[in-house]
Amino acid sequence: MSTMDPSALQSTWFVLLGLVWGLYLVLGGTDLGVGMLVRRTDRRTALRAIGPTWAANDVWLIVAVAATLGAFPGWYAAWTSGLYVPLVVLVGAVMVRHGAIELIEHASPTTQRRATGAIVAASAVTAFGWGVFWAAALTGDLGNASGSGLGALTPVTVVVGLALVALCRVMGMAFLRLRVPASREGLSLLPGALVAVGLVLAATGALLLDAAPGLDASGPLVVVFAAVTVLGLVALVPLARAGWSGRTLLAGTAVTGGGLATVLAVLFPTPIAGPGGVDLATAAAGDTTLTWMLVIALVLVPALLGALAFAYLRFLMAPEGGPRRGIAAAVARAARGTLGELR
């Protein structure tokens, strides 16, 4: 497939989309991991741990999808048409998870048990689906997909999806251990970390063997992002074995965020590789649209980041039952409390 060189404005939007998708996969992925664990620990405690922020983290998904549609409608169209049935399942899983979390405490005990199972299943399906989506863009299966889109579910994309499920689960477990110290006895990090590392290595090998032809994996950004991913992967098991929840969470973040950044750097300037794929220049909206969207993003994204930072500091880092007297006190407690493990 011949490609046109993207403009500076188009490249800027590709970087911004990578940032937003990365924020969702890391922050939202951690919440998905907690959702997978609600049967392993006290359900109310687990959901309360992510209560103030899980919906806010999913805002990044809305922003990412909307920005992809606005900035690169051709990319969005290829995604939705090439993965029609998987996308319907993914959206359904997101809806089921949101509904179950919001309504579970208002239901009968029998319905609560079913809703708990729905949260676990929907969280795993959501993480799996995003792994399949990004892997299919890299292997060319998305560009060649047609009809229902089930053809994109190949052994390679399935392994990548399972790897993302395992990473989200480890990050969710590490977060729960940080947020709720009483849960540490029942949540051992090591087994999950070993599974995650094994699946990530298998997924990496499969992608290297099955990547679409014509992709360039030798660029400097690819090397940098791949190095971050490898460092996180190497550190994950030793940190989990030592029981360092905060550092394990950081390592999982490095693997997840670094892995996505590596995939995007390899794909540039063809966000969907393969003979039937798309390139940025032809998939992008007009310069006027991109310029106005950039102005709006420069206003909204810092505001969203600030609100999310406030939510984490105000609600998550304060000890359970402790006094909450403003942002300064929350920052101080974060520095000497939960985040102290990261030192």
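Looking at L189 and W244, their side chains never come closer than 4.5 Å, going by heavy atoms from C-beta outward. The side-chain heavy atoms of L90 and F128, taken from C-beta on, include no pair separated by under 4.5 Å. Looking only at side-chain heavy atoms (C-beta outward), P271 and V278 come within less than 4.5 Å of each other. T262 places none of its side-chain heavy atoms less than 4.5 Å from the side chain of V228. At a threshold of 4.5 Å between non-hydrogen side-chain atoms, the residues L164 and W134 do not count as touching.
For D42, the side chain to side chain donor-acceptor pair (under 3.5 Å) partners at least two apart in sequence or on another chain are T45. Qualifying side chain to side chain donor-acceptor pair (under 3.5 Å) partners for W79, counting only residues two or more places apart in sequence or in other chains: none. For R113, the side chain to side chain donor-acceptor pair (under 3.5 Å) partners at least two apart in sequence or on another chain are T110. Scanning for side chain to side chain contact (heavy atoms under 4.5 Å, CB included) contacts around L294 gives L9, T12, W13, L16, L298, with sequence neighbours left out. Every residue two or more places apart in sequence or in another chain that forms a ring pair (Phe, Tyr, Trp, His ring centres under 6.0 Å) with F268 is listed here: F14.
The line from CZ of R40 to OG of S188 is 8.0 Å long, rounded to the nearest 0.5 Å. To the nearest 0.5 angstrom, L23 atom CG is 9.0 Å from N57 atom CG. For the atom pair NE2 (H98) and CG (L103), the distance works out to 12.0 Å, reported to the nearest 0.5 Å. Distance CG/L250 to CE/M171: 11.0 Å, rounded to 0.5 Å.
Pairs of residues two or more places apart, or lying in two chains, never qualify as ring pair (Phe, Tyr, Trp, His ring centres under 6.0 Å) while including a residue from residues 151-174. Applying the ring pair (Phe, Tyr, Trp, His ring centres under 6.0 Å) definition to pairs two or more places apart or across chains, none involves residues 273-300. Residue pairs meeting the side-chain hydrogen bond (donor to acceptor under 3.5 Å, both in side chains) criterion with at least one partner in residues 229-239, sequence neighbours excluded, do not occur; the list is empty.
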- Stepwise side-chain contact (heavy atoms from CB on, under 4.5 Å) check, V160 with V200: CA-CA 7 Å; V160 175; V200 170; over 6 Å; no

- Message: Walk me through whether V165 and M36 qualify under side-chain contact (heavy atoms from CB on, under 4.5 Å).
- Response: CA-CA 9 Å; V165 170; M36 297 178 208; 3.9 Å; yes

- Query: Can you list the steps and then say if L32 with R97 is a side-chain contact (heavy atoms from CB on, under 4.5 Å)?
  - Reply: CA-CA 9 Å; L32 292 174; R97 176 173 170 267; 3.5 Å; yes

- Steps toward side-chain contact (heavy atoms from CB on, under 4.5 Å) verdict (L264, F225): CA-CA 10 Å; L264 289 172; F225 294 142; over 6 Å; no

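Nearest heavy atom pair, residue G232 against residue V255, reads C-CG2, 3.4 Å. Residue L280 comes nearest to P6 through the heavy atom pair CB-CB, 4.1 Å, listed as atom of the first residue, atom of the second, then distance.
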Side-chain polar contacts of residues 61-75 - donor-acceptor pairs under 3.5 angstrom, sequence neighbours left out - could you list them?
from: T68; atom 1: OG1; to: W21; atom 2: NE1; distance (Å): 3.4
from: T68; atom 1: OG1; to: A64; atom 2: O; distance (Å): 2.7

Can you give the donor-acceptor pairs under 3.5 Å from side chains of residues 211-223 to other protein atoms, not counting sequence neighbours?
from: D216; atom 1: OD1; to: S218; atom 2: N; distance (Å): 3.0
from: D216; atom 1: OD1; to: S218; atom 2: OG; distance (Å): 2.5

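The main-chain N or O of G33 is never found under 3.5 Å from a side-chain atom of R169 such that the two would form a donor-acceptor pair.
Both Y84 and V158 are part of a single hydrophobic cluster, where members link through side-chain heavy atoms under 4.5 Å apart. Cluster annotation: F175 and V170 are assigned to distinct hydrophobic clusters (Ile/Leu/Val/Met/Phe/Trp/Tyr, side-chain heavy-atom contacts under 4.5 Å, transitive). Hydrophobic clustering (side-chain heavy atoms under 4.5 Å, transitive across Ile, Leu, Val, Met, Phe, Trp, Tyr) groups L19 together with L27.
Taking a cutoff of 4.0 Å between a charged side-chain nitrogen and a carboxylate oxygen, E105 and R43 qualify as a salt bridge.
Here L300 sits in one hydrophobic cluster together with I296; the rule is ILVMFWY side chains under 4.5 Å apart, joined directly or through other members. Hydrophobic clustering, defined by side-chain heavy atoms of Ile, Leu, Val, Met, Phe, Trp and Tyr closer than 4.5 Å, leaves L209 isolated from every other such residue.
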